[in-house]
There are 4 protein chains.
Amino acid sequence: MMHNSAILLVSCPDRKGVVASIADFIFKHNGNILCNDEHGDEASNLFLTRVEFDVADFDFDFAEFSQRFSPLAREFQMDWRVARSADRPRVAIFVSKYDHCLQDLLYRQQSGELHCDIPLIISNHPDNQRIADFYRVPYFVIPVSKENKREAEQKQIALVREHQCTLVVLARYMQVLSHELIESIGSENLINIHHSFLPAFVGSKPYHQAFQRGVKIIGATSHYITRVLDDGPIIEQDVVRIYHRDTVDDLLQKGRDLEKMVLSRAVRWHVENRILLYGNKTVVFQ
Amino acid sequence: MMHNSAILLVSCPDRKGVVASIADFIFKHNGNILCNDEHGDEASNLFLTRVEFDVADFDFDFAEFSQRFSPLAREFQMDWRVARSADRPRVAIFVSKYDHCLQDLLYRQQSGELHCDIPLIISNHPDNQRIADFYRVPYFVIPVSKENKREAEQKQIALVREHQCTLVVLARYMQVLSHELIESIGSENLINIHHSFLPAFVGSKPYHQAFQRGVKIIGATSHYITRVLDDGPIIEQDVVRIYHRDTVDDLLQKGRDLEKMVLSRAVRWHVENRILLYGNKTVVFQ
Amino acid sequence: MMHNSAILLVSCPDRKGVVASIADFIFKHNGNILCNDEHGDEASNLFLTRVEFDVADFDFDFAEFSQRFSPLAREFQMDWRVARSADRPRVAIFVSKYDHCLQDLLYRQQSGELHCDIPLIISNHPDNQRIADFYRVPYFVIPVSKENKREAEQKQIALVREHQCTLVVLARYMQVLSHELIESIGSENLINIHHSFLPAFVGSKPYHQAFQRGVKIIGATSHYITRVLDDGPIIEQDVVRIYHRDTVDDLLQKGRDLEKMVLSRAVRWHVENRILLYGNKTVVFQ
Amino acid sequence: MMHNSAILLVSCPDRKGVVASIADFIFKHNGNILCNDEHGDEASNLFLTRVEFDVADFDFDFAEFSQRFSPLAREFQMDWRVARSADRPRVAIFVSKYDHCLQDLLYRQQSGELHCDIPLIISNHPDNQRIADFYRVPYFVIPVSKENKREAEQKQIALVREHQCTLVVLARYMQVLSHELIESIGSENLINIHHSFLPAFVGSKPYHQAFQRGVKIIGATSHYITRVLDDGPIIEQDVVRIYHRDTVDDLLQKGRDLEKMVLSRAVRWHVENRILLYGNKTVVFQ
């Protein structure tokens with residue numbers, strides 16, 4: 001991925017010639033396709049594709065891509081975007097008191113697993129300042145209460161914009177976001193981790209719910225956030241087996257490892273431009 | 001397990017000395033504990049145990065076990081049962097048209113994996129006669145409609161009793177059982193396979209529901225049957241990862257393998273006397 | 001997949017324009033790409049692709065495909081083949097006494113999961129005749145001993161040819177194949193299931209070896225057969241967790257489920273033209 | 001586990017009455033068995049058990065346990081040890097440059113998942129000083145070369161003793177230990193993580209070996225260290241699926257997550273007194 005390459009993501013009505021047209025466009029401008037994934041959704045007659053291509057020898061300046069590609073995009077009614085592989089999306093992390101996802105994301109970012117920058121952390125609690133300091137990421141404490149929620153969210157939005165973040169990751173941030181904030185940041189730029197195997201155990205205390213129901217496996221789900229709680233497009237899920245000796249505390253502990261894995265995968269795929277949304281679903285091109 | 005052994009299953013209020021008392025009872029009658037599992041459920045202050053012990057040198061006839069053990073059982077307010085390992089429970093299989101679970105159970109029984117006898121299969125369709133014939137198991141067709149449901153169930157109950165079955169396995173039997181039938185057979189003697197990861201996707205067409213929701217993992221659940229649909233104590237669950245290219249048909253196909261595995265494990269554990277019920281949960285001593 | 005479609009499999013040196021050229025060829029002859037997978041192997045500078053395309057509106061008769069495609073293939077030095085999706089490869093199963101993989105493959109073939117025909121089973125033992133009869137597949141018993149091995153293999157080869165099989169599946173066939181037979185059938189047309197997680201526990205009694213070593217997980221591996229025992233290109237592997245209470249018999253039992261899953265996946269991918277060989281490795285386009 | 005409880009671990013020849021005798025001993029001294037696990041190894045006629053019991057009401061001072069229990073232990077030829085659940089074993093971590101396992105262990109210890117103290121880290125490189133500082137654990141740099149190896153190991157041993165550590169965890173420590181060090185610390189007090197699914201890919205660069213062989217799943221193994229490289233008793237293993245697109249770097253990245261999980265489980269089970277050794281195997285009572 002660390003070639004001098006770019007990634008093109010396209011959704012459009014399925015039609016003969018779309019693969020050939022994109023491949024042709026890249027070829028005739030002297031690009032080289034490195035990786036090509038696609039998916040046809042029959043129900044919606046939608047064609048989705050992710051093309052990674054080397055632009056080292058491109059015959060025009062990459063800055064002109066949009067202008068050059070537009071005629072083709074219009075012809076096929078494409079919903080599309082392009083990014084350089086070298087671009088590092090800027091990601092804001094929202095967190096409350098639980099630190100496992102925060103710690104995990106910062107570690108992975110620093111070790112090079114997550115191809116993004118993390119210019120700030122926003123929390124409603126001061127507890128995770130020390131971790132932020134260790135990773136040298138500015139940490140903003142914005143307390144949230146029923147009374148100040150609107151105002152607090154305005155501050156959050158302002159900080160996210162000021163730091164030019166295009167993705168907000170809720171790393172166990174324990175406040176429900178208002179519709180205003182969701183609209184402001186954009187549903188497709190908001191990733192959450194829910195500590196259950198959705199759609200089972202929506203809402204609060206899912207591990208307690210799971211314990212009560214006597215399930216044999218627990219899960220975690222990362223998803224984009226929509227106006228309906230825990231109902232957004234699912235990006236990734238994973239599960240772990242539990243046993244009758246496991247207490248709620250054991251579930252919480254096993255769950256922490258799940259949450260870290262599932263959230264960090266979702267963030268990685270997002271920042272690597274691997275995810276396409278269609279309807280209430282995601283395609284993840286790996 | 002194929003020693004000349006017996007299995008004792010006990011639930012009782014947790015109290016000092018219960019382990020020692022059971023172990024003592026077996027030892028003083030010259031038995032040898034082969035395998036001992038236990039679980040304390042703190043919420044309900046319940047102690048649950050499964051003891052497998054060699055009775056080859058027992059100093060009384062095993063037929064007297066109940067009489068001999070009763071004083072101890074009373075002292076500790078035990079809910080208990082005992083079985084010889086050599087006993088083969090008699091199992092009735094209910095099936096509709098889908099044959100994968102039926103085929104799988106019959107294959108495992110015949111190859112020795114399932115330590116039980118299967119004296120009959122009951123179906124509301126004639127389709128699986130040939131499989132039953134291959135495995136030389138009598139196959140009874142009892143059509144079920146809204147009109148004859150009560151009568152049909154009476155016939156089913158009569159057949160189960162006549163063949164002295166102590167367990168009924170619903171191997172993708174597509175009729176909802178009446179409360180009368182459940183009470184007659186007994187909730188703890190009725191095992192179902194539901195083709196979702198419960199409590200997600202209760203009810204009909206769970207794979208279609210899963211496809212619609214865009215989950216990344218599907219599951220299957222075996223459980224005892226209670227009056228509330230898909231709500232009984234869960235015995236076993238398992239899951240498999242799905243991908244955006246998987247159609248509903250692919251989910252059905254992947255699901256079949258899950259259903260076979262999950263149902264056959266539940267049946268094996270039941271016939272090996274490994275399952276204890278408490279509240280709406282199961283302990284499976286493996 | 002059951003469109004009026006075809007599958008093109010290509011390996012060639014990686015070069016700009018290859019994706020575009022293939023897509024163009026299909027488009028200009030009025031085909032529609034349904035599914036397109038590719039892989040670039042950097043170490044060998046190899047480009048591998050699988051293209052599934054609708055040929056319903058193709059502007060030439062599919063029988064001419066080879067002739068029409070040849071110029072392009074030559075230009076890019078392609079190693080290639082094409083098949084209609086509707087084609088059903090003919091598969092011979094070799095089996096000894098263990099029947100679980102045989103039974104599983106026949107069940108899956110009959111239920112439509114395996115898109116192939118199975119015109120014959122060859123065994124060195126008469127034991128599985130009854131299963132073959134149930135599935136109405138001719139069953140040939142060819143006993144194999146040190147003395148008659150060459151002659152027996154000649155009979156096997158003759159039968160495979162006579163029944164026009166292009167794939168031989170060793171479904172727990174317990175004889176080592178001679179180099180002559182391997183060459184005659186072709187390494188890439190011979191799929192075996194080895195009951196361990198290769199390269200661990202090569203050779204005989206792998207479950208006993210695993211038990212002895214005290215591993216916590218066992219596996220199974222399906223692979224193409226080469227002259228070196230258990231060393232061919234791996235198609236699929238899977239594993240299952242074992243516990244200290246598991247005896248060698250338990251490992252055998254758990255292993256049977258693994259073997260069935262792993263072998264049937266390999267066969268399915270092969271007959272769906274999803275596997276490409278390169279070096280001693282496989283790409284499986286799913 | 002955080003009761004006022006103790007854990008008794010016993011290995012002895014299998015004999016009638018051993019369960020009853022232990023249970024009796026605890027009961028008659030007014031203890032309460034909280035959790036009881038056992039395993040009989042038929043091949044070696046060995047009985048292994050772990051008993052966790054509440055000693056809040058014990059009728060003698062726990063310091064006398066050894067003296068009181070000895071007659072029984074002698075009678076049954078027990079190899080045994082006992083520990084208070086509240087005891088926190090002291091653990092030394094050895095590490096080289098890779099920091100993922102170190103970071104993970106320190107995080108888990110600090111968050112309460114690992115019931116132990118970590119009084120020191122020993123490394124042959126200065127790189128991980130900053131992490132050690134963050135977790136406030138003294139970090140000793142002891143460079144190791146061919147020339148000074150003996151001397152360096154003497155220093156390591158001295159530090160381990162001085163800090164009264166009873167367990168040494170090699171968290172990706174990239175030096176082979178001498179037989180002298182192994183004997184000095186004790187094989188059963190030395191836990192290593194090997195980054196392959198043993199016994200596959202022994203020795204160096206296992207991910208490269210795995211990539212070369214074309215396996216479809218990679219693994220990690222934690223084990224006690226013996227004189228033979230990568231051959232000690234296995235404590236835990238886990239695996240992850242890989243795909244043809246995964247480069248060696250991807251394997252390394254996926255492997256890091258495996259290594260963290262597998263090593264931290266092994267350490268947790270060790271410090272919770274859940275592991276019993278017999279022959280070259282472990283029993284883990286969970």
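Just so it is clear: chains get the letters A, B, ... in the order the sequence lines come, proteins before strands, and each one is counted from 1.
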Can you name the residues of residues 17-28 of chain D that have some heavy atom under 4.5 Å away from a heavy atom in chain B? D/G17, D/V19, D/A20, D/A23, D/D24, D/F27
Polar side-chain atom of D/R50 near backbone of D/N273 as donor-acceptor pair, under 3.5 Å: yes
Within this structure, what is the CG-OG distance for the pair B/L277 and B/S187, rounded to the nearest 0.5 Å? 7.5 Å
Closest non-hydrogen atom pair between D/T221 and D/S196, with its separation: OG1-O, 2.7 Å
Any donor and acceptor pair, going by atom type alone, linking the side chain of D/R88 with main-chain N or O of D/H115 inside 3.5 Å? no
With distance as the sole criterion, is a donor-acceptor pair present between the side chains of B/R84 and B/N4 under 3.5 Å? yes
NE2 on B/H194 to CD1 on B/I234, rounded to 0.5 Å: 10.5 Å
Identify which of B/N36, B/I33, B/T49 forms the greatest number of heavy-atom pairs closer than 4.5 Å to chain D. B/N36
As an exercise, state the distance from CD of D/E42 to CG of B/L34, rounded to the nearest 0.5 Å. 8.0 Å
B/Q109 and B/C116, any side-chain heavy atoms less than 4.5 Å apart: yes
Quick check: are there more than 12 heavy atoms from other residues, nucleotides or ligands sitting under 6.0 Å from OH of D/Y98? no
How far apart are the C-alpha atoms of D/I218 and D/F197, what are their side-chain angles, what is the distance that settles it, and do they pass the side chain to side chain contact (heavy atoms under 4.5 Å, CB included) test? CA-CA 7 Å; D/I218 55 168; D/F197 185 81; over 6 Å; no
In terms of heavy-atom pairs under 4.5 Å with chain D, which of B/D14, B/D37, B/D57, B/N30 leads? B/N30
Side chains of D/E236 and D/S222 only: does a donor on one sit below 3.5 Å from an acceptor on the other? no
Quick check: under 4.5 Å, non-hydrogen atoms only, which of residues 60-75 of chain B neighbour chain D? none
Check for me whether D/R213 meets the cation-pi criterion with D/F201, that is, NZ or CZ under 6.0 Å from the six-membered ring centre and within 45 degrees of the ring axis. no
Over all atoms of both residues, closest heavy-atom pair of D/F211 and D/D246: CE1-O, 3.3 Å
Among residues at least two apart in sequence or on other chains, which ones pass ring pair (Phe, Tyr, Trp, His ring centres under 6.0 Å) with B/H100? none
When only heavy atoms count and the cut-off is under 4.5 Å, which of residues 251-270 of chain B reach chain D? none
